Every structure is written in structure tokens, then in C-alpha cells.
Participant: 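Structure in C-alpha cells, see below.
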Amino acid sequence: MLKNSPNALLNKSIFQHYLTLPVPDDKCQATYLWIDGTGENIRCKTRTLDFIPKKPDELPVWNYDGSSTYQAEGANSDTYLMPVAIYKDPFLRGNSKLVICDAYKYNKKPTETNKRHSCLQAMLAAKDHHPWFGIEQEYTLLDMDLRPLGWPKNGFPGPQGPYYCGVGANKVYARDIVEAHYRCCLYAGINISGTNAEVMPAQWEYQVGPCEGIDIGDQLWVSRYILQRVAEDFGVIVTFDPKPMEGDWNGAGAHTNFSTKAMREEGGIISEIEKAIDKLSRNHLRHIQAYDPKQGKDNERRLTGRHETSSIHDFSAGVANRGASIRIPRGCAEEKKGYLEDRRPASNCDPYSVCEAIVRTCILDE
Ligand code: ADP
Ligand code: MN
Ligand code: MN
Ligand code: MN
């Protein structure tokens, strides 16, 4: 099935020999990660450091050719990488690091797809409310022909029903990738909180969170990088397209669970969650525009009002309602405190944009 994937054909046990070669104790490899001009794809490049970094501000500012990532003109192409968070590298291991960065143009202004810069301003302004986020990242695995992994070449799998949280060789495909990714995230220091097979075959989910403030964006982007890298090793493609298959197949979202300190306290539902839902109801369009990289165009294919989604045109909220924009989990309604789930963000959303919009609407009243 993966015969036409050059990566899958390489012998991984030969590679183990090189990966276990000793390297000098006082050096490490740092792989800098950033978001390119599509606002969806991650780029990376690696450099040697002659010290082992502990905090991002010890790391050198670096640069790259922004004209090759849809982020600059060729004649003025140097684009800056500012390290913002460090994780352990589950691929190179040892003292190696993954370094998530945000990108700045030649004039030191954030690039168009650097959504972290303004997200951080919002998070700092809201920090006394201790906003927490948990994101459920859904994604779909594809073979090299861009067909969902394991689907028949000519035809379709049986209708949805047996696949969600499924077990067995005819229910789920490539659990190896899912488990490898989970372990890599734990190793790296990502606050990954779970995983499950999704409703459409070859579709999966994992959750990151709860994380406070800007951390959620940094961690989710690094978790996406790790997923792409693991799948690359197996010769499988990951797509975050929110509706990879038209027809009677579920799309892929990035449900964003949100709470403030007050919502988590006794009685938080009545005093705080309902207030937040009222504010969200009056800012539906702003949120739709922030919830996919094409200002709503990608989500239009997914938010149809069918397949466990609400219509992109309407705002709705309800306890345990998976057809609403906002769901209050039943457990929270019973305990009268907890969090709300915004089901609108697309799987290819930028979590910095999503969480910034939530904080500006619900906490900063902008
Ligand atoms: P679902 O029932 O919608 O499938 P999941 O279990 O997949 O929910 O995901 C729930 C997410 O909510 C997890 O990432 C979890 O960490 C996060 N979460 C739990 N409590 C809170 C909270 N108080 N504030 C924000 N996020 C939370
Ligand atoms: Mn979930
Ligand atoms: Mn899901
Ligand atoms: Mn959910």
C-alpha cells in the first residue's frame, strides 16, 4: 500500500546505527520550527549549539529565506526567527531540542501569518483571569495518492458507525502512528491529554491541554510538527483539511475548550459561563473569521449543520449538544462549574488566532 512512498521504503533499522553514535557532550542540535506563509504548514531547520539551552532567551535569533516560504520578496528575503519555547526533541533525542519560533520581517514587524504576536498581547492583558485551553486536534491520514489511508482504491468503506473509538484491523488504520506520536509528545514535554479514533475511517484525534495562556498555541503547533514528522517516517501524509472527503463523511475540527478561574470555581456556570456564551453569541462572525486560515472559507465546507456540526451561519449553545456552536459538557452542567467547548474551530485553524478571539470576546470585552 505504501510502496510508492520513498520514506516508507528506507530501512529504519540501518538508521538506528547513526542515531546512536555518540556526539560531544557540550553540543546539541536545535531544530527551529516556524509557521510559513500559508498559515497552516510548518517549516524547520537545524543548527548546532555549543551549549545546552534551558530557556528560550538563551537561544540565538536566527533567520531564513522568507521568499521560499511565501513570506517575503526575493530581493529582501531575510526573515527573523525569535525562539519562544523549547521542548525535548523525540527524533534526535539526547540533548537535542525543538524550538518553536515566531517570525518577523526585515523591518522587525510580525509576518502576516505570525498570529502569536497579538495573541500574546491579549493573553498578557487577561492573565489575572488565568485562561485555560484544551484543544481536540482532529486529522486525517492519507496515502501517497492522497486517498484516506486504508480506503479501497475504487470505492468507499462501509458507512460511518463502527470506526469512532474503534478497535480491529477493519475499523482503524495506522494506530502505530497515533501511539508513536503520543509517546513523542509525552517525551517532548507537551501536555497531551488523550487520543481516540474518529468517526470517519483514517481520521483520528488527540487532545492538548489544559494549558494556560499562550502555551496552548506553542504546544499545539509543536504537537502538529511531531505528528507530521512521525507520519513522514512511516511514509504517510497527514492532512488537517477540515473536510477531506465530501459526502456522508465527518469533517475534522479543533474543538477548543475554554475556562477562566471564575468559571472553575463553585457556581461558575451561572455567573461566568453563561455570560461568556452571551458575548460569544454577539461576535459569531468575528470568531468564524478567526477559526480557519481562510477567514471562514475552509470551515464553510465543514460547518453544514450535519455530521455533528452547527451551521456556519447560526450561533447556538446547549448542554451536551454536539450540533451546537458551543457545548456545555454535561458533567460541568451538573457540577455547575467547569468550562465550555467551542466546536467551531477547523482542524487547520491557527490556535493563536482562535484563543486570541476567545480571550478578546469573553475576557477583555473588545
Ligand atoms: P470531548 O468530550 O468533546 O470529546 P475531550 O475529552 O476530547 O472532549 O477533550 C476535552 C479537552 O478539554 C481536553 O483537552 C481537556 O484537557 C480540556 N479541559 C478539561 N478541563 C478544562 C478546563 N477547565 N478548561 C479548559 N479546558 C479543559
Ligand atoms: Mn474529543
Ligand atoms: Mn472528535
Ligand atoms: Mn469535543
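All values reported here derive from a predicted model rather than from experimental measurement. Just so you know, ligand 1 is whichever comes first in the structure, and atom 1 is the first atom listed for that ligand. These numbers come from the heavy atoms of this one structure, side chains and all, not from hydrogens, waters or symmetry mates.
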Participant: If you apply the rule side chain to side chain donor-acceptor pair (under 3.5 Å), what do you find for Tyr139 with Asp241, and how did you get there?
Facilitator: CA-CA 8 Å; Tyr139 62 95; Asp241 189 285; over 6 Å; no
Participant: What N/O/S atom of Glu138 gets nearest to the Mn ion (ligand 3)?
Facilitator: OE2
Participant: Specify the closest pair of heavy atoms between His181 and Ile226, including all atoms of both residues, with the distance to one decimal.
Facilitator: CD2-CG2, 3.7 Å
Participant: Can you check whether Trp249 and Trp151 have ring centres sitting under 6.0 Å from each other?
Facilitator: yes
Participant: State yes or no: are the ring centers of Trp62 and Tyr80 separated by less than 6.0 Å?
Facilitator: no
Participant: What protein atoms of element N, O or S are positioned under 2.8 Å from the Mn ion (ligand 4)?
Facilitator: Glu136 OE1, Glu136 OE2, His255 ND1, Glu341 OE2
Participant: Hey, any chance Tyr182 and Ile135 share a hydrophobic cluster, counting ILVMFWY side chains that come within less than 4.5 Å of each other, even indirectly?
Facilitator: yes
Participant: In Glu205, which N, O or S atom comes closest to the Mn ion (ligand 3)?
Facilitator: OE1
Participant: Taking a hydrophobic cluster as the set of Ile, Leu, Val, Met, Phe, Trp and Tyr residues connected by side-chain heavy atoms closer than 4.5 Å, whether directly or through intermediates, do Met82 and Tyr64 fall within one such cluster?
Facilitator: no
Participant: Just so I know, are the side chains of His284 and His287 near enough to count as touching, which here means a heavy-atom distance under 4.5 Å?
Facilitator: no
Participant: Of all N, O or S atoms in Glu198, which has the smallest distance to the Mn ion (ligand 3)?
Facilitator: OE2
